[in-house]
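Encoded as structure tokens, the structure appears first; notes follow it.
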Amino acid sequence: MIQIEGLSKTFRTSDGTVEALKNVSLTVNDGDIYGIIGMSGAGKSTLVRCINLLERPTEGTVRIDGQDLCALSEPELRTVRREISMIFQSFNLLAQRTCLKNICFPLELIGVKKAAAEARARELLELVGLPDKADAYPSQLSGGQKQRIAIARALATDPKVLLCDEATSALDPKTTHDILSLLRELHAKLGITILLITHQMSVVEEICTRVAILDNGSVVEEGPVESVFSAPKSAAAKRLVFPDGYEELPESETPGHRIRVVFRGTSSATAPLIARMAIEEHILANILAASIKSISGKEYGSMVLEVADADECARALAYLAKEPDLVAEEVNLHA
Amino acid sequence: MPNLVMEPISETWRIVSGEFPLAIWETLYATVLATALAIVLGLPLGVLLVAGEEDGVLPLPKWLLQALGFLINILRSVPFIILMVLVIPLTRLLVGKAYGTMASVVPLVIAAFPFIARLVESSLREVDPNLIEMARSMGATPFQIITKVMLRESVPSLISNFTIAITTILGYTAMSGAVGGGGLGKLAITYGYNRYMNGVMAVAVILLVVLVQVFQMLGTKAAVKNDKRQR
């Protein structure tokens, strides 16, 4: 369990001080896939670096399984960091080492014998689906393959927590999806706690169980993904829920009921969903906003619909509830 | 007015065949030994210059870092020919005499190690700071970060820079012939400059050019072979 309490981080720069984080508190339970989402500059990267103390917080505490990391000495901290692995947007593979040797790197640091380390590395290559890349150098791999190697390396020391710092931001949608699937699979197989920070709504929707929205250095909303996104309260959350920005939503004279539909790998056969709903249920939904990607024949993303009244809304929700791999919920902007 | 007349070919050949094998050996010996010793001193110093910075992996007191930088700049700004004369007392102390090939190694090392420290510094600065952060996130010690990430990742760049160093030191070795050092430089000066034997001087210069070419070729080859970044 990761408990962050009252965390603040202030940077001193040549032109004054910058408050990157302001009194952030959140708890990540064991086995969570926890998302921290925010625009660039919101403080996400600083927050994730405060969790393994790559950045020392100015104020507040970080506890992992009850142990206060800020109270540890550098050598003690190094031991704890083996339990908290990290993957990065830019993969950060060592260019002069083969993939196998990259995975051996964290094991080498703790003095594991070469043969044992290599055996473990081969297991991990198998686990991430790249057993044939042992002797390849990073420059010979695609972005997705590099991230797989980085994940294998992060898992080498059997960590309890995996921190993902914009781990899919440099990847195309298909590869992003593949990496997220791998993370989910590893989560199920190893029971590892995953904390990922991202600016991509689709990443949170696809994989996370809980989410915190970080805006301008503060956590503005926190909770299970469905409840945060079905009733976004803060401006930051509303901006995330409506892909083109909620300010852009057309003003209707008689504000109707809004329904947010999240596609989680919905089969493309479901596609004429709105048309089907109109024909079968006679519900005429207005599409206010949509951001949907098609990845290997499956739909990911979200859409905001508007229907006339409470009755239509209830019927539409009931209709949509029958669709597989799709979540629909009424959005209340004025709660 | 320089004398453009050449000595008889037979005379050139007599000196070249009689004295050059030893001179080539002395030049190589002084160059390689001086470079090796300068790397022994310059490499750790270069590492300290980068790792010792405020946000480096092994921060040093600011005054110490500044003192090191100052010392390097001073040694780098003294012309080599002056430096050779200045260090004669030290040379006597270390080698026992102030002339000969072995004696020339002392000023060569003193001139070359600050240069090498700067080259190492520039190589290490090319290492992606994200890699250092990655190593820290995995609990690497400062020493492990220096050896396994900073130095290891910059091997191709270090080889290129050491090649620059060895060719520069070769030039210094030749120059040391003017004040008592042995080797090709000494022959070029004593026969070519002092006795107007232009043929001998030309052969000495051509051999120096060939040595530079060979070092550079080997160095470039080794740097490329050791770089796994692009294929």
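Residue numbering restarts at 1 for every chain, and letters A, B, ... go by the order of the sequence lines.
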Just how far is it from atom CZ of A:Phe105 to atom CG of B:Leu131, taken to the nearest 0.5 Å?
9.0 Å

Region of A:Ser90 in contact with chain B, defined by heavy-atom distances below 4.5 Å
side chain

From B:Ser137 atom OG to A:Ile51 atom CD1, the distance as rounded to the nearest 0.5 Å:
12.5 Å

Would you say the side chains of A:Gln96 and B:Asp227 form a donor-acceptor pair under 3.5 Å?
yes

Looking only at atom types and distance, does a side-chain atom of A:Ser139 sit under 3.5 Å from a main-chain N or O of B:Lys228, one as donor and one as acceptor?
yes

Most contact-rich option vs chain B, by heavy-atom pairs under 4.5 angstrom, among A:Ala150, A:Ala95, A:Pro159, is A:Ala95

Would you find more than 12 non-hydrogen atoms of other residues, nucleotides or ligands less than 6.0 Å from A:Met1 atom CE?
no

What part of A:Ile84 gets within 4.5 angstrom of chain B, counting heavy atoms only: side chain, backbone, both, or neither?
backbone

Compare every heavy atom of B:Gly139 with every heavy atom of A:Arg81, then report the nearest pair and how far apart it is.
CB-N, 4.0 Å

Over 12 non-hydrogen atoms of neighbours within 6.0 angstrom of OH in B:Tyr29
no

Got a sec: does the NZ of A:Lys44 have more than 12 other heavy atoms crowding it under 6.0 Å?
yes

Scanning both residues in full, the closest heavy-atom pair of B:Pro142 with A:Arg78 reads CD-NH1, 3.7 Å

Please check if atom CD in A:Glu76 has more than 12 non-hydrogen atoms from other residues, nucleotides or ligands closer than 6.0 Å.
yes

Nearest atoms (heavy-atom pairs only) where B:Ala135 meets A:Leu109:
O-CD1, 4.5 Å

Interchain contact, B:Glu153 with chain A, by part (heavy-atom threshold 4.5 Å)
both

Counting only heavy atoms not in A:Phe11, do more than 12 fall under 6.0 Å of its CZ?
yes

Do B:Arg136 side-chain atoms and A:Leu54 backbone N/O form a donor-acceptor pair below 3.5 Å?
yes

Any donor-acceptor pair under 3.5 Å from A:Asn92 side chain to B:Asn130 backbone:
yes

Please check if atom CZ in B:Phe20 has more than 12 non-hydrogen atoms from other residues, nucleotides or ligands closer than 6.0 Å.
yes

Run through A:Leu94, A:Leu93, A:Ile87 and flag the one making a side-chain contact (heavy atoms from CB on, under 4.5 Å) with B:Met134.
A:Leu94

I need the residue from B:Val149, B:Asn226, B:Val155, B:Thr141 with the largest number of non-hydrogen atom pairs under 4.5 Å to chain A.
B:Thr141

For B:Arg92, does the CZ atom have more than 12 heavy-atom neighbours from other residues, nucleotides or ligands under 6.0 Å away?
no

For B:Met138 and A:Arg153, work out which heavy atoms get closest and say how close.
CE-NE, 3.5 Å

Are any of the side-chain nitrogens in B:Glu133 or A:Arg49 under 4.0 Å away from the carboxylate oxygens of its partner?
yes

